[in-house]
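Written below as structure tokens is the structure these notes are about.
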Amino acid sequence: MIYTCPMHPEIEHDYPGQCQKCGMSLEAKTVGAGDEEEQTEIRSLSRKFWSALILTIPLLLIAMGHAIPGLEVEAMIPKQISKWIEFALATPVVLWAGVFFFTRAWQSIVNRSLNMFTLIAVGVGAAYFYSAVAVIAPGIFPQSFRSSGEVGLYFEAAAVITTLVLFGQLIEAKARSRTGQAIKALLGLAAKTAHRLRDGREEEISVDEIERGEMLRVRPGEKIPIDGVIVEGKSNIDESMITGEPMPVGKGPDDKVIGATLNQTGSFLMRAEKIGSETLLAQIVQMVANAQRTRAPIQKLADTVSGYFVPAVIAVAMITFVIWSILGPAPAMAYALVNAVSVLIIACPCALGLATPMSIMVGVGRAAQAGVLVKNAEAIETGEKVTHLITDKTGTLTAGKPEVVSRIGTDAMAERDVLQIAASLESHSEHPLARAIVEAATKEKIELCKVTDFQSTTGGGVSGRLAAASPSVGGLGGKIVLIGKEKFLTESNVTISDELKKEAHRLQENAETTVWLAVDGKAVGILGIADPIKSTTKKAIRELHEIGLKVIMCTGDNRRTAESVARELGIDEFRAEVMPDEKIDIVKKLKSKGAIVAMAGDGINDAPALAAANVGIAMGTGTDVAIESADITLVKGDLIGIVKAMHISRAVMRNIRQNLFFAFIYNALGVPIAAGALYPFFGILLSPMIAGAAMSFSSVSVIANALRLRSIRL
């Protein structure tokens, strides 16, 4: 088993642990492995977080009770006792729940790769150990650093920081665990068993036992067990999990079939050609896994800042200690220690630690109210930089379900009658187009006629005789009706007028699938079936253009249909008849040219591209695999949600930059004062109490600014 860092893929070990660069937990590279380690980590973090929270709440009430009207903490608990209670509450929080901060900080120092954990450990350690010394040996502090005879304590700061960071680590661990669910969902699509023919006998076996070249039988309603070729028989196969298109594909001898796709109507024999990792499904699984592992770290900015900020703060604290121990008034060492601690406390990373997660937390909540579910903070960080949006067609731009959109009848046949007769016959068929016709009739509350002598021709159409006792189609009772493709009608010697042919051509130009109706040897009507464009798609495309995004449509559908949709919507570019590996190639090519790519889709075929894109956006009406592979899910499956997601991303990142300013402005102003820069001129020192107040105020500023995101208009 090989373990790697999700943020630094070049780090690999043959044992679980932490990354020496960023401190994150390593995860298994093998698809589907490492689940036990992930769950153990989540349980451990959850236990530590809730324990820390339970201890921190009373600690905060004791430490900050004086600021709450009507709560007289000191009257109930004398200071001499309360400080020991604070010490007892803070110690397990910092030294048990948060001990791994110090472990990872030490690793960052040993590996010379200072990161967020270094910063956290310095701040929490300074606040806790300073307070612990103040409780255990208060006599070493000079009188000028006492308030009402007591040295200020900062246990609550240490505990709150520890609890908040634990919460962030828990959320992060759960998010990493969820990325593996996409792989599990993909693996769950595969057939579990197959019917093998050997020596004239049929036996049911596990898919794992199939060998290349073996003959397999696939019955109606079964999943195709493995990639191969049809040897005997015909059927309609639902390949929507691969192509994303709802229309089933007619297959016969010598046609290739794909494992995990669904056989609908016929029974056939097939020869297994690809097994194991060679199958298309296995390749998609591996593509998703690889794409998920190559994401950029969300903490890159914080780690970069920490890389400079942490050594600078430590250096200033050490210089402060040395200068005060040499030049400071008696007792020089006490002044040196307290001033050095003041520097560390005012530089405590509470505000820095809150700057990003607070904005993300509020922004994600606001997004959820607008029907935009964000899986990870990286999607928000990257979203504001997106330059290109690649979108699937079916289920994303369109409804993803075939509907009757046109009805044409001759002088001898009204449009309503065309739909009634067609639905009457198609009610006996299981074809998706048949279901669309029946649903259209049901929606209009059209009564279906009785049909006898029903017959279905695979890949052609259906035929039947209208029952004589069908008064609603007056005069047609007892006559033969044919429904299907134009070729099916011509092969049945049906007469088709030039006028109907022109109408059919017009419908086909609009990317509609034509279903012909013939009665008594003469074509009398046409139904146009299409996947209609969602009502909000045009508005969404227009607004995406307004915010500077280039929109590219990528679909497995034919070029004519794709061109028609692209032209109607004003899409910048389109690619038709693409397979899953081609979609991911398109994403990679754009990224190689410096583009920041967002990918929107709803099918399994979109999963690899969703994972490879800088930001993957799934329609909530789509497959679980697409949703798990994406960074953002639109609950309503509405493209306008992408516009909202882009606005949220930009607002949140703007808010984060403001928060980082608030996080550092107090440090920039307070650290020199805490170090004693004003003492030679004005005799001013910044006591740890004031340093703690400044640190708290910076945190309040960050929180208040982040809460403004709740009111952003979308």
Side-chain angles (χ1 to χ4, degrees), residues 244 360 363-400 531-555 565-566 568-575 583 586-587 590-591 595-603 605-607 609-623 626-654 709 712-714:
I360 295 295
V364 167
R366 180 66 185 90
Q369 290 177 340
V372 179
L373 303 182
V374 182
K375 180 188 287 187
N376 55 54
E378 183 188 350
I380 291 182
E381 184 185 30
T382 309
E384 69 157 356
K385 305 170 188 174
V386 169
T387 58
H388 291 66
L389 171 66
I390 298 176
T391 174
D392 184 35
K393 178 181 72 68
T394 305
T396 305
L397 301 177
T398 64
D531 186 7
I533 292 172
K534 294 179 181 178
S535 59
T536 56
T537 299
K538 283 186 179 179
K539 179 183 177 183
I541 297 294
R542 184 174 64 252
E543 293 191 13
L544 288 168
H545 283 152
E546 288 174 359
I547 62 177
L549 268 64
K550 185 174 183 179
V551 182
I552 302 171
M553 181 178 73
C554 256
T555 177
V565 172
E568 182 176 349
L569 294 175
I571 288 173
D572 300 295
E573 294 180 23
F574 73 90
R575 313 284 173 84
K583 286 188 179 183
I586 292 169
V587 171
L590 284 172
K591 290 173 70 175
I596 306 298
V597 182
M599 169 72 192
D602 73 327
N605 61 305
D606 301 317
L610 286 170
N614 297 97
V615 181
I617 304 172
M619 301 295 117
T621 51
T623 64
I627 293 170
E628 289 295 342
S629 298
D631 305 296
I632 295 174
T633 299
L634 308 181
V635 175
K636 297 180 181 179
D638 191 337
L639 205 66
I640 204 75
I642 296 179
V643 180
K644 295 179 181 179
M646 295 298 108
H647 283 310
I648 289 169
S649 173
R650 296 179 183 194
V652 169
M653 291 311 298
R654 185 166 57 247
L709 289 170
I712 59 173
R713 297 183 64 184
L714 300 174

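- Applying the side chain to side chain donor-acceptor pair (under 3.5 Å) rule to T398 yields the partners D531; only residues at least two apart in sequence or on another chain are considered.
- With sequence neighbours left out, E573 forms a side chain to side chain donor-acceptor pair (under 3.5 Å) with K550, R575.
- Of the possible donor and acceptor atoms, one in the side chain of D631 sits under 3.5 Å from a partner among the backbone N and O of G616.
- Looking at heavy atoms from C-beta onward, V643 lies out of side-chain contact with K539 at the 4.5 angstrom threshold.
- Closest heavy-atom contact between M599 and A613: CB-CB, 3.6 Å.
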### Query
Does the side-chain contact (heavy atoms from CB on, under 4.5 Å) test come out yes or no for R713 and H647, once each step is laid out?
CA-CA 9 Å; R713 297 183 64 184; H647 283 310; over 6 Å; no

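- To the nearest 0.5 Å, the span separating CD1 on I642 from CD1 on I632 amounts to 8.5 Å.
- Atoms CG and CD1, on L549 and I541 in that order, are 10.0 Å from each other to the nearest 0.5 Å.
- A pairwise comparison of heavy atoms in L709 and G363 identifies CD1-N, 4.1 Å as the closest pair.
- Shown here for G383 and M646, the closest heavy-atom pair between the two residues is O-SD, 3.5 Å.
- Counting heavy atoms from C-beta outward, L397 and I533 have side chains that stay 4.5 Å or more apart.
- The stretch residues 639-649 participates, sequence neighbours left out, in no salt bridge (charged side-chain N to carboxylate O under 4.0 Å, His left out) pair at all.
- In this structure, the side chain to side chain donor-acceptor pair (under 3.5 Å) partners of T536, at least two apart in sequence or on a different chain, are D638.
- Contact record, N614 with V597: OD1-N, 2.7 Å, taken as the closest heavy-atom pair.
- Residues L569 and M553 fail the side-chain proximity criterion, which asks for heavy atoms closer than 4.5 Å.
- Under the side-chain contact (heavy atoms from CB on, under 4.5 Å) criterion, A598 pairs with V386, L389, V615, I617, not counting sequence neighbours.
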### Query
Does the pair K534 and L639 meet the rule for a side-chain contact (heavy atoms from CB on, under 4.5 Å), with working shown?
CA-CA 9 Å; K534 294 179 181 178; L639 205 66; over 6 Å; no

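- Applying the side chain to side chain donor-acceptor pair (under 3.5 Å) test to pairs two or more places apart or on separate chains, those with a residue in residues 382-391 are E384-R657.
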